[in-house]
Amino acid sequence: MKTITGAIAVEGKHIVKDFQIGNTTTKVLKDISLQVMQREFVSIMGPSGSGKSTLLYILGGLDAPTSGQIMLNGTDISRFDDEKMSRIRRQKIGFVFQFYNLIPNLNVEENIMLPLLLDGKKMGSYKKQLDEILELVGLSERRKHTPRELSGGQQQRVAIARALIGKPEILFADEPTGNLDSKTGAEIMSLLREINQSSGQTIIMVTHSPEAVKSTSRVITVQDGVIQKCV
Amino acid sequence: MKIIMKYILTNVKERKTRTAVMLLSILLSTTLLFVSFSIGASYESAQRKMARGMAGSATVSVEAADGAIDKNAIPELKSIKFCVGVLEGLALYHENGYYETMDLIAAHLTELNQTNPPRLADGGEISDLSGNQVILPDRFTSKYGIEKGDTIILQIGGEPITLEVAGVAAYDTVFLRHTRGATALLPISTLRELLGQTGGYSKILMEPADAVSTSELKNELSAALPGGEYQVSEVVNEAQITADARQKSMPFFLISFFSLTMSVFIIYSSYKVITLDRLPVIGTFRSIGATQSNVTRILLLESALYGCLGGVLGIPVGTVVLKLILRGMGQSLSQGIEIPVVISPFSILFSFSVALIVSLLSAWIPVRRASRLPVKEVVLGTVEEKQVPRPVIVGIGLVLFAASVILPKLASGNMLYIAGGFSLLGLIAATILIVPLLTNLLSAGMERLYGGIFGNEGRLAARNMRDNKNIIQNITLLFISISAVIAITVVGNFVTTYVSDVFNGAELEGFADGYMEPEFVEQVKEMDGMEKVLPVYVFENQMQGNGLTFTRLEATDNVEWYSSMLALHYTKSGMKEQTVSAFSEERAVLLSESCMEQMGVSVGDMITLTNGTGQSEYRVAGSFKSRATDVEAVIPSRYAEIDFGASVYDFLAYTAADPDAVMVQIRDLFGETSNWSRTVEEFNTDALSTVGAFLQPMHSMTYFILLLATVGIINNLLINYIQKRRTIAMYKSVGLSNKQNRKMTLIEGFSSGLIGAAIAIFVSYMEVQTIFLVAGPKISTVPELDAGVFLSAGAMGIVVTLIGSVVPIFKSRQMKLVEEIKFE
């Protein structure tokens, strides 16, 4: 196993996740424990149905574990109520999805600013930050466009910008290149790598792509609900 | 086929809520359509019955030119189904200063029972009537506290005659009348004796045989009877009765129109979502070789299933509702007119067909569109809806709106009805096209406003409404529903007022009808609290103008007061002033619009008035219509005195601080002189007792349309939630809390309710204008619109939308976030 140094960004302790389908209970995650350090760029791999995405969503607070703890900067978030968890999503976590999940009738600027707006911030006060992030993702010229007027790669850039606008402690990405062609996928990975290297942004990413894995510092392989290897 | 049916039934079972809402909307639409048609028909039939009054099913009358007519005089014709001889007389009833004119009628009961059977108030039949017995209608006995077994005194031919009340009849059949007073039924031998007649009848009423029209029978009789000795006439003007009945049942047909429009919209919007939902299955079907028509057939079969079930269930439910409504009416009119329950095979077939056709057609457009999509796009889930450029849509909407407003104003005659129908549909269709633009403009304004009031959640809620198809759909349904409720309420209230309050808008508070010398009028003027007194000379069937006999010509010394007292609506603005000036300067005559049309004269023309004793030229000063009076012509009093020798007033209208106190004094002043004097309040109470309960079903139907609207809105909000689920999940994934979601959903619900209500108020105002423009030539009053009706319906719409928002709020609390956002 690779030696990790520095402060822990997120830690999963004995995570178990069961799914009930009819009368059958399926154990998707079987007592998983892991730590991700600050500034790390970690990828989670594994075959379909291995539980990698479920692990990501549990670590990112979008799903709750059946048992176990999620420690975010030393605080257990696994039993937070809706109000506290929503605040964590707005302030501490950024999420990038395979299908972008942009609000179709909001334009690029509004989509990016959404976490801040939900946090009660004024759009005008964050103009500089917005300009910088648009510059970073290369969409300054398309700020007034709606998602349906953008290509898949551009939509994913908007999703990345939205995930980063609140300066989150961790960026979670669920197969960010899964819906893109290889060239655009490579561009997105290059952007994520740049974000990790230039600002030290912690990133945890689920991927199927061996190409995408090359950009990350550590690879965790999940199979049948357990961590098979961590390199 | 078996597999397809299984697939359809599985769909129906799996989507329980949606199936229930779809079925409920079709069922309610069918019920509403069936009830409104049947009530409309029942109402029309009752109206006909009232208009025919004592004639019943007889439509032709034969009278002798002089005196009585013998039944033997009527030739035996195959065209006659049966005939009844009716003897008529007049009487006067006097009680505590009240005078009531009474028509006495008599006929052989066996004959009468064939054409127009009288009905006792307790439901029984009149089987025997003899000696000095009389049967009086409940409307009369209850007014004067008369009961069965009492004796009453009637003045017949100037002699007081004591009669025993043998029974109290319902205000129905022979007792129905459309003029003031009451009708009393006597044994034929008694009435003959009282009138001093030895035989014969006043007239013979006849019903044509089946397949023989009234005019055919009339012509045949005219040809068969010796000319000059007999007068053959139609009992009632069928065309007029039909027109009147249609006018009064208009609200029910309006209810049908709106319920149909709402059903189409509800089912269409549901199917749009269903087909969207089924796109993956459509893709699968197409990829394994199903043709476009296969897919269309499968999806249409499902809608046919909803249509058939809704239609089949809607008719029995409608029948129960119809009976409940009519029973309610029956109870409140227990001693009044019996309302026939008309359930025609047409209304059953029509309602069922509409349910099926509306279901199929509403589904056909989205289904056809879905089945025509390229297979690859459907399978890959890359289908994008084709957008028609907005300027084109808005342009069409604006043109349609303008046409809907202008056309009824330009049309006349029968074209007016066509233009009116086009306008009602056009206004709704045009607004549907303009709603997206309006919503965007209004939500842009709200975004700024809400930012300040509700913070970022308010701003986002308003922002979410822009270009949001679900919200637009909600607003559309809401505006259709609210405008339906408003239009029906306004028209319903108007009809109630129109039918029950003929003095609506008239200034007079009381009137006296009797022999009044000028000194009498002076004494009335001196009474305490008297404000305005308007004495009028009346010439009934005495005066002729250009060869036409006026049924009523009146003369007044103050045409300005006359106009306001009797709510005259002049044909053109400025005509009132012209008339006032002409009346003070010359021999002027004011004509009713119908009279003017009949005479073929115009303002400024000269007509010759004559009553046999005098003759003079009068200039036509203006024309009018009025609900408060059936006068055909009005002239200045001083010329009525000079030219026609008028000296005694016959009618007097007044306003006073206490109209009741004045009425007591007027009755006292009349003493034993026959008169008919009432305050307007007394008159209206009388009128309302007859028609008030009759109009009740209209209000019941308004609740029904509201129920349909609520089901539609909840259906839409559910559809909205189904489509919005993923967006809510996206918001939640970036930090939207349940509390914030609740706030945003409620703001969104309130705002769409507000926009829908505002549009509905405007559209219904335009629709009401169209309705009254079309009805205008038939009615003589201008409807007063109550802002309260518009505002309360709007508020109700907002409340319904807010209540409907509760379901999505609760559903999104239990949402499984990952399931919603993981897959596209």
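The basis for the numbers below is simple: all heavy atoms, side chains too, and nothing from hydrogens, waters or symmetry mates. In what follows, chains are A, B, ... by sequence order, proteins preceding strands, each numbered from 1.
Only the side chain of B:Leu460 comes within contact range of chain A, judged by heavy atoms closer than 4.5 Å. Interface residue A:Lys121: only backbone heavy atoms are found under 4.5 Å from chain B. If you measure heavy-atom distances from A:Thr146 to chain B, you find no contacts under 4.5 Å at all. Only the side chain of A:Asp174 comes within contact range of chain B, judged by heavy atoms closer than 4.5 Å. Within the 4.5 angstrom heavy-atom criterion, only side-chain atoms of B:Arg459, from C-beta onward, approach chain A.
A donor-acceptor contact closer than 3.5 angstrom links the side chains of A:Asn101 and B:Arg726.
Remark: B:Glu457 CD to A:Leu117 CG distance equals 9.5 Å, nearest 0.5 Å. With rounding to the nearest 0.5 Å, the separation of OG in B:Ser733 from CD1 in A:Ile93 is 11.0 Å. Note that the OG atom of B:Ser737 and the NZ atom of A:Lys84 stand 14.0 Å from one another [nearest 0.5 Å].
Minimum interatomic distance between B:Asn456 and A:Leu116 (heavy atoms only, all atoms of both residues): ND2-O, 4.3 Å. The minimum heavy-atom distance between A:Leu62 and B:Val818, with the atom names listed, is O-CG2, 3.8 Å. Residues B:Arg463 and A:Leu106 come closest through the heavy atom pair CG-CD2, 3.3 Å.
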*Decide yes or no on side chain to side chain contact (heavy atoms under 4.5 Å, CB included) for B:Tyr731 and A:Ile103, but give the supporting numbers first.*
CA-CA 8 Å; B:Tyr731 268 104; A:Ile103 310 293; 3.6 Å; yes
*asked:* Test side chain to side chain contact (heavy atoms under 4.5 Å, CB included) on B:Leu817 and A:Asp63; report intermediate values, then the result.
replied: CA-CA 7 Å; B:Leu817 211 50; A:Asp63 203 355; over 6 Å; no
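Heavy-atom neighbours of A:Glu135 CD from other residues, nucleotides or ligands within 6.0 Å: at or below the threshold of 12. Around atom CZ of B:Arg813, no more than 12 heavy atoms belonging to other residues, nucleotides or ligands sit under 6.0 Å away.
In this structure, B:Leu736 and A:Ser86 have side chains that are not in contact, with every pair of non-hydrogen atoms separated by 4.5 Å or more. At a threshold of 4.5 Å between non-hydrogen side-chain atoms, the residues B:Val734 and A:Arg90 do not count as touching.
Ranked by heavy-atom pairs under 4.5 Å with chain B, the first of A:Leu118, A:Ile88, A:Leu102 is A:Leu118. Comparing A:Arg162, A:Glu110, A:Gln98, A:Met85 by heavy-atom pairs within less than 4.5 Å of chain B, the highest count is held by A:Glu110.
The main-chain N or O of A:Asn105 is never found under 3.5 Å from a side-chain atom of B:Arg466 such that the two would form a donor-acceptor pair.
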